[in-house]
Amino acid sequence: MVRVMSSSARVPSDLRRLRANTQVCRSVLAVGLFSTAEHAVWVAILVVAYQRGGATEAGVVSAVMLVPSALAAPFVAKGLSARRLENPMAVGYLVHFLTLICAALILGFGLDPIVFYIAGTLASVTAVSSRPAHHTFVADSDFKIEAMVATGLAAGGAQLIGPLVAAAVLAFFGPVHVLVVGATLIAVAAALCTGLRASSLRPDHGDSGLSGRQSTTTGTSWALAPKAKRTVVVLLGLLGLVAVILGTAETLATEISFSAFGGQGAGTGILLAAVGVGLVLGAHIAGRLLGRFSEHAVMRIGATISGASLIALGFGFGAAGSIAAFVFVGFGMQLVLVAGWVLLHRHVAGAETILVFGLVESQQLLGNALGAVGTGVVVGHFGVWPAVLTIGVAFPLAMMLLNPTRLQRLNLHRMTEAPRHSSTH
């Protein structure tokens, strides 16, 4: 029997339901620790680059590390899917731990900075499997909305806590110690993942559950119906825009901190922390909204909130107003992300999950770099207003690409939610 969601059956998410699925709970905790380490280590690497060559070297190092990671993400996901590793998170965290330790040793022994940047790039590349692997465990869960809300809370908390951890360690010690702290968090994440098994990646699991056909399991194609595949491509593009928004926010935080806070350092950190607060709030509210509205409606609401908040930054409301605007930027971004993740899980299942979310990871890295660099160029030559107007208007308009009729029709073809969300036809 095919189960489909009826609008009347929607209920707000309840994170307590996840307690029944220890795999997802441990996976969420692990990805939260990983993200916290990722943000902290990133701050340390940028500090090292800035101390050596100022903003120029920091920008170049960012691109050098982000682009290879973005290019590697789909291939890493493909390799994990093809090899049918039942616990890709634990394997990825172990490799990532080793590369972080190597980077810390290279920096601690004062070797050539180029060698350190190479080690940092390797560490960045080994990190790309974490989130796609996490989504394979979510695919096995009956409570995908709750799992996505919990994932959003973990990501938002990491965006808030990671930079603060780095700032505290840097204040008393140095970048090497930040890398060690990051490696320690990764080790704990790896321990949490010990014993987890993704059923969709087991060697004897051949059906992706999407179109009634056998999954290729080679990573070379998706077992998706043509219409579903087109919808997934649209969703990937829209989720990539969220990463552009984040990159834009990071650049704007540096620019606005000069006028709103009278200096770059503290103001930038405060504004980016405000984005983290918005991400945490957005994850919680997204669960409530998804209990009452369709996913595409929540994505449109989130894009409108983020777009309007970016435009508001052009008015220069001072420190308090800027903090509030950045909170709402993060809030809207998270609504789009959580609803978009849920939609992807509706159209993708089984071994194909890690492949699709590998592409999401790639787009997030490239989008972040594009948003940061593009906004920097526009702001440097034309000022803040052209940047915030362009992105602030384009983001909500892009959500119009979501066709509610098509998505509803595709949802009727294949749903993987639990009976509590469904009615039987």
Side-chain angles (χ1 to χ4, degrees), residues 27 30-31 34-35 37-38 41-42 61-100 102-103 117-139 186 189-190 193 196 198 200-203 205-206 208 210 214-224 229 232-237 239-240 242-244 247 340-341 344-345 347-370:
S27 179
V31 85
F34 158 76
S35 298
E38 182 182 41
V41 168
W42 186 250
V61 168
S62 297
V64 166
M65 291 188 178
L66 285 174
V67 173
S69 300
L71 295 176
F75 296 98
V76 171
K78 175 181 175 180
L80 291 174
S81 177
R83 285 167 176 76
R84 289 294 197 168
L85 295 177
E86 293 183 50
N87 195 347
M89 287 187 78
V91 174
Y93 287 147
L94 176 60
V95 177
H96 188 47
F97 169 80
L98 294 175
T99 56
L100 281 180
C102 288
Y117 293 151
I118 293 173
T121 301
L122 289 175
S124 180
V125 169
T126 59
V128 299
S129 66
S130 175
R131 281 173 282 265
H134 164 65
H135 282 281
T136 63
F137 294 108
V138 173
I186 297 299
C193 293
L196 299 186
S200 60
L201 293 180
R202 289 173 185 165
H205 187 93
S208 72
L210 268 169
Q214 291 291 315
S215 169
T216 61
T217 72
T218 62
T220 57
S221 63
W222 301 343
L224 291 170
K229 185 178 291 188
V232 167
V233 170
V234 172
L235 287 170
L236 288 173
L239 291 175
V242 180
V244 175
W341 290 337
L344 276 181
H345 276 287
H347 298 294
V348 182
E352 314 301 337
T353 301
I354 195 169
L355 300 177
V356 172
F357 280 93
L359 291 174
V360 172
E361 181 76 9
S362 177
Q363 287 189 140
Q364 287 179 337
L365 294 169
L366 287 175
N368 196 319
L370 178 62

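Since this is a predicted model, take the numbers as computed values, not measurements.
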### Summary
What one should report as the nearest heavy-atom pair of Ala73 and Gly358 is CB-O, 3.6 Å

### Query
Can you tell me how far the CG atom of Leu355 sits from the CD atom of Glu352, to the nearest 0.5 Å?
5.5 Å

### Query
Taking only residues two or more places apart in sequence, or in another chain, which ones meet His134 in a side-chain hydrogen bond (donor to acceptor under 3.5 Å, both in side chains)?
Ser27, Thr151

### Message
Taking the side chain as everything from C-beta on, heavy atoms only, tell me whether Val356 gets closer than 4.5 Å to Leu236.
### Response
yes

Show me the side-chain donor-acceptor pairs of residues 122-132 shorter than 3.5 Å, one per line, residues at least two apart or across chains.
residue: Ser124; atom: OG; partner: Ser69; partner atom: OG; Å: 2.6
residue: Thr126; atom: OG1; partner: His96; partner atom: ND1; Å: 3.0
residue: Thr126; atom: OG1; partner: Thr99; partner atom: OG1; Å: 3.3
residue: Thr126; atom: OG1; partner: Leu122; partner atom: O; Å: 3.3
residue: Thr126; atom: OG1; partner: Ala123; partner atom: O; Å: 2.8
residue: Ser130; atom: OG; partner: Tyr93; partner atom: OH; Å: 2.7
residue: Arg131; atom: NE; partner: Glu361; partner atom: OE1; Å: 2.9
residue: Arg131; atom: NH1; partner: Glu38; partner atom: OE1; Å: 3.2
residue: Arg131; atom: NH2; partner: Glu38; partner atom: OE1; Å: 3.3
residue: Arg131; atom: NH2; partner: Glu38; partner atom: OE2; Å: 3.0
residue: Arg131; atom: NH2; partner: Glu361; partner atom: OE2; Å: 3.0

#### Entry: Straight-line distance of Leu359 CG to Leu239 CG, nearest 0.5 Å
11.5 Å

### Query
Could you go step by step and tell me if Phe137 and Leu196 meet the side chain to side chain contact (heavy atoms under 4.5 Å, CB included) rule?
CA-CA 9 Å; Phe137 294 108; Leu196 299 186; 3.7 Å; yes

### Query
Listed by chain and number, what are the side chain to side chain contact (heavy atoms under 4.5 Å, CB included) partners of Leu66, not counting sequence neighbours?
Trp42, Leu365, Ala369

### Query
What heavy-atom pair brings Pro74 and Ala70 nearest, and what distance separates the two atoms?
CD-O, 3.4 Å

### Task
Applying side chain to side chain contact (heavy atoms under 4.5 Å, CB included), name anything that partners Ala37, two or more places apart in sequence or on another chain.
Leu185, Ile186

### Task
Mind running side chain to side chain contact (heavy atoms under 4.5 Å, CB included) on Val41 and Leu100 for me, showing each step along the way?
CA-CA 9 Å; Val41 168; Leu100 281 180; 4.0 Å; yes

### Task
Start with the C-alpha distance between Thr136 and Met89, add both sets of side-chain angles, then the distance that settles side chain to side chain contact (heavy atoms under 4.5 Å, CB included), and finish with yes or no.
CA-CA 10 Å; Thr136 63; Met89 287 187 78; 6.0 Å; no

### Query
Of all residues at least two apart in sequence or in a different chain, which pass the side-chain hydrogen bond (donor to acceptor under 3.5 Å, both in side chains) check with Ser362?
none

### Evaluation steps, side chain to side chain contact (heavy atoms under 4.5 Å, CB included), between Ile354 and His135
CA-CA 7 Å; Ile354 195 169; His135 282 281; over 6 Å; no

### Query
Are Phe357 and His345 side-chain neighbours, meaning at least one heavy-atom pair lies under 4.5 Å?
yes

